Amino acid sequence: DYSGTSFDSIPNGWAAIKAMPEGGLLQLVAFVGFLELFIMKDVTGESEFPGDFRNGALDFGWDSFDEETKLQKRAIELNNGRAAQMGLLGL
């Protein structure tokens with residue numbers, strides 16, 4: 001930023017919250033709040049499962065899959081998310 005804060009000057013873990021400039025923390029909280037309140041919710045009531053936020057806008061062919069393929073793809077996505085979480089724990 002303009003005051004000379006670089007990525008190297010921010011520590012790891014929870015200490016980073018205290019070291020972050022107030023404006024950056026405010027931007028982060030405001031952006032996450034905006035996503036939670038306006039974007040990441042089932043607006044149309046058409047969700048097939050928890051976490052289905054397509055809202056009739058994004059499909060990418062999901063409706064053309066049979067139920068077995070949908071379950072398989074959801075399981076793959078869950079496993080990829082779990083692997084990513086384990087990878088972050090290793091950092």
Side-chain angles (χ1 to χ4, degrees):
D1 66 6
Y2 295 120
S3 63
T5 305
S6 66
F7 284 109
D8 293 337
S9 65
I10 304 293
N12 293 332
W14 288 107
I17 300 296
K18 294 178 186 172
M20 273 178 63
E22 285 185 23
L25 187 59
L26 181 63
Q27 285 177 354
L28 185 64
V29 170
F31 181 66
V32 170
F34 172 77
L35 289 177
E36 287 287 331
L37 293 174
F38 299 107
I39 306 296
M40 303 298 287
K41 61 181 181 178
D42 183 22
V43 178
T44 61
E46 301 171 357
S47 64
E48 294 182 35
F49 49 88
D52 180 12
F53 300 123
R54 290 177 290 150
N55 293 322
L58 297 174
D59 188 11
F60 301 119
W62 180 259
D63 293 332
S64 64
F65 296 132
D66 61 355
E67 290 302 316
E68 183 179 342
T69 304
K70 287 181 181 181
L71 285 174
Q72 179 185 12
K73 289 188 176 286
R74 284 179 51 205
I76 290 170
E77 184 66 23
L78 282 172
N79 286 334
N80 287 341
R82 291 176 181 140
Q85 290 173 359
M86 296 304 288
L88 283 173
L89 285 174
L91 291 176

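Note that this is a predicted model, so its numbers are computed, not measured. Here, residue 1 is the first one in the sequence, and each next residue gets the next number.
For K70, the salt bridge (charged side-chain N to carboxylate O under 4.0 Å, His left out) criterion is met by E48, E67, not counting sequence neighbours. Remark: E68 engages no residue in a salt bridge (charged side-chain N to carboxylate O under 4.0 Å, His left out) (not counting sequence neighbours). Annotation: ring pair (Phe, Tyr, Trp, His ring centres under 6.0 Å) contacts of F38 (sequence neighbours excluded): F34.
The nearest pair of heavy atoms linking A19 to P11 is CB-CD, 3.5 Å.
Among pairs with a residue in residues 75-86, those fulfilling side-chain hydrogen bond (donor to acceptor under 3.5 Å, both in side chains) read N79-R82, at least two apart in sequence or across chains. Sorted pairs that involve residues 2-23 and meet salt bridge (charged side-chain N to carboxylate O under 4.0 Å, His left out), not counting sequence neighbours, are lacking altogether.
With hydrophobic clusters built from ILVMFWY side chains whose heavy atoms lie under 4.5 angstrom apart, L35 does not share a cluster with V29. Put simply, I39 and L37 are part of the same group of oily side chains (I, L, V, M, F, W, Y) that touch within less than 4.5 Å, one to the next.
If you take CD1 on I76 and CG on L71, they are separated by 11.0 Å, rounding to the nearest 0.5 Å.
Taking Ile, Leu, Val, Met, Phe, Trp and Tyr as hydrophobic and joining them when side-chain heavy atoms fall under 4.5 Å apart, one finds F65 in a cluster with F49, W62.
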